[in-house]
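Please read the structure below before turning to the comments.
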Amino acid sequence: MDRSVLVSRRVAGLQKELFVRRFPAIERREVDVYPVAREPGVRAKVALDSDGLDPDFIQHLVGDGVALQQIVMDAGDPIIDVISTDPDPARYACAALAPTQIVRIGVHEPSRELALVIPDDEDLERVHFQLASDLVRWSIVVRRASAFESGGWEAPPTASFQPRSTPDRVAW
């Protein structure tokens, strides 16, 4: 009789649970975790929020990075971006896309669409942009600077990303 246990790193909520278990401030509910936007084995984005007044709460939470490296090993995602939530969708998207350089951003609230202009030489890592769209829950349309200079917001987009899910705050 085989008594082995198979653990899947693709299970929804895995990384969120790892954050809750690895960081006492999250477990004590001093910091809220929003569901993770992730492409298993490739990259993940985790949004955190704190009601405290400390603007550097993420730096204080992550500290020397040992717990974060353990999450990387446990979940198998080589890149984990940890960002702070923001009620302003433009700032939230810029944080989710860091370190991507964004030259200009347009916000169309009725359609929940963010139009971004990036430099011509900026790498358009599709997974990075898709996960940002998933996390922020807004569509992201990307244009290159040269196209924007010649056609403005009507210039053909280089890429477009639709959110694949609608994450909510972790229910305690």
Side-chain angles (χ1 to χ4, degrees), residues 7 9-109 112-118 122-123 125-140 142 161-172:
V7 177
R9 293 181 175 171
R10 298 184 74 82
V11 172
L14 169 70
Q15 249 184 7
K16 178 176 58 177
E17 184 61 30
L18 291 173
F19 267 79
V20 170
R21 291 175 186 255
R22 296 271 181 216
F23 294 106
I26 295 173
E27 195 168 34
R28 289 189 308 265
R29 300 181 188 135
E30 295 167 5
V31 174
D32 292 329
V33 180
Y34 286 75
V36 176
R38 81 187 275 247
E39 193 64 43
V42 179
R43 186 178 205 133
K45 293 184 182 291
V46 179
L48 304 176
D49 189 25
S50 173
D51 291 334
L53 300 175
D54 182 3
D56 297 324
F57 78 94
I58 290 178
Q59 181 62 38
H60 295 147
L61 179 75
V62 174
D64 61 6
V66 172
L68 190 57
Q69 285 302 318
Q70 188 61 49
I71 293 171
V72 166
M73 290 176 16
D74 291 346
D77 296 326
I79 301 171
I80 300 175
D81 300 323
V82 181
I83 65 166
S84 176
T85 60
D86 196 303
D88 178 346
R91 284 199 308 257
Y92 193 17
C94 287
L97 287 166
T100 299
Q101 184 181 2
I102 298 170
V103 176
R104 188 172 292 211
I105 188 165
V107 178
H108 189 257
E109 292 204 24
R112 296 181 60 87
E113 181 178 282
L114 299 169
L116 308 178
V117 178
I118 63 173
E122 183 74 45
D123 183 27
E125 184 184 341
R126 291 186 175 278
V127 168
H128 184 49
F129 281 83
Q130 181 61 61
L131 292 176
S133 176
D134 293 346
L135 191 67
V136 177
R137 296 180 284 163
W138 282 54
S139 298
I140 296 177
V142 182
F161 305 91
Q162 304 298 318
R164 296 178 292 192
S165 62
T166 56
D168 295 316
R169 202 178 272 237
V170 172
W172 290 101

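No hydrogens, no waters, no symmetry mates; every other heavy atom, side chains included, goes into these values.
- Inter-residue side-chain proximity for Phe129 and Thr100 is flagged as met; some heavy-atom pair is nearer than 4.5 Å.
- Atom CD of residue Gln69 and atom CG of residue Asp64 lie 10.0 Å apart, to the nearest 0.5 angstrom.
- Ser139 pairs with exactly one of Gln162, Glu113, His108 by the side chain to side chain donor-acceptor pair (under 3.5 Å) rule, that one being Gln162.
- To the nearest 0.5 Å, the span separating CD on Gln130 from CD1 on Ile140 amounts to 8.5 Å.
- Of all the heavy atoms in Lys16 and Val36, the pair that sits closest is N-CG2, 3.8 Å.
- Leu48 pairs in a side chain to side chain contact (heavy atoms under 4.5 Å, CB included) with only one of the listed residues (Leu61, Asp32, Val62), which is Leu61.
- Across Glu30 and Ser50, no two heavy atoms sit closer than the pair O-OG, 3.6 Å.
- Taking CD1 of Ile79 as the start and CZ of Arg38 as the end, the distance is 13.5 Å to the nearest 0.5 Å.
- Considering every non-hydrogen atom in both Arg112 and Arg137, the closest pair reads NH2-O, 3.2 Å.
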Would you sort out whether Asp74 and Arg22 count as a side-chain contact (heavy atoms from CB on, under 4.5 Å), showing the intermediate values?
CA-CA 11 Å; Asp74 291 346; Arg22 296 271 181 216; 2.6 Å; yes

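- Here the CZ-CD1 distance, from Arg104 to Ile118, works out to 14.5 Å after rounding to the nearest 0.5 Å.
- At least one side-chain heavy atom of Asp81 sits less than 4.5 Å from a side-chain heavy atom of His128.
- With rounding to the nearest 0.5 angstrom, the CD1 atom of Ile58 is 7.5 Å from the CD1 atom of Ile83.
- Residue Phe23 comes nearest to Leu68 through the heavy atom pair CZ-N, 4.1 Å, listed as atom of the first residue, atom of the second, then distance.
- Closest of all the heavy-atom pairs between Trp138 and Val107 is CZ3-CG1, 3.8 Å.
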Enumerate, atom names and distances included, each donor-acceptor pair closer than 3.5 Å involving a side-chain atom of residues 87-99, sequence neighbours excluded.
{"residue": "Asp88", "atom": "OD1", "partner": "Ala90", "partner atom": "N", "Å": "2.9"}
{"residue": "Arg91", "atom": "NE", "partner": "Asp86", "partner atom": "OD2", "Å": "3.0"}
{"residue": "Arg91", "atom": "NH2", "partner": "Asp86", "partner atom": "OD1", "Å": "3.2"}

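- The two atoms that bring Arg126 and Phe161 nearest to each other are O-CE2, 3.7 Å, heavy atoms only.
- Salt-bridge formation is detected for the pair Glu39/Arg164: a Lys NZ or Arg NE/NH1/NH2 atom is positioned less than 4.0 Å from an Asp or Glu carboxylate oxygen.
- Looking only at side-chain heavy atoms (C-beta outward), Leu131 and Val127 come within less than 4.5 Å of each other.
- With values rounded to the nearest 0.5 angstrom, Ile26 atom CD1 is found 10.5 Å from Glu17 atom CD.
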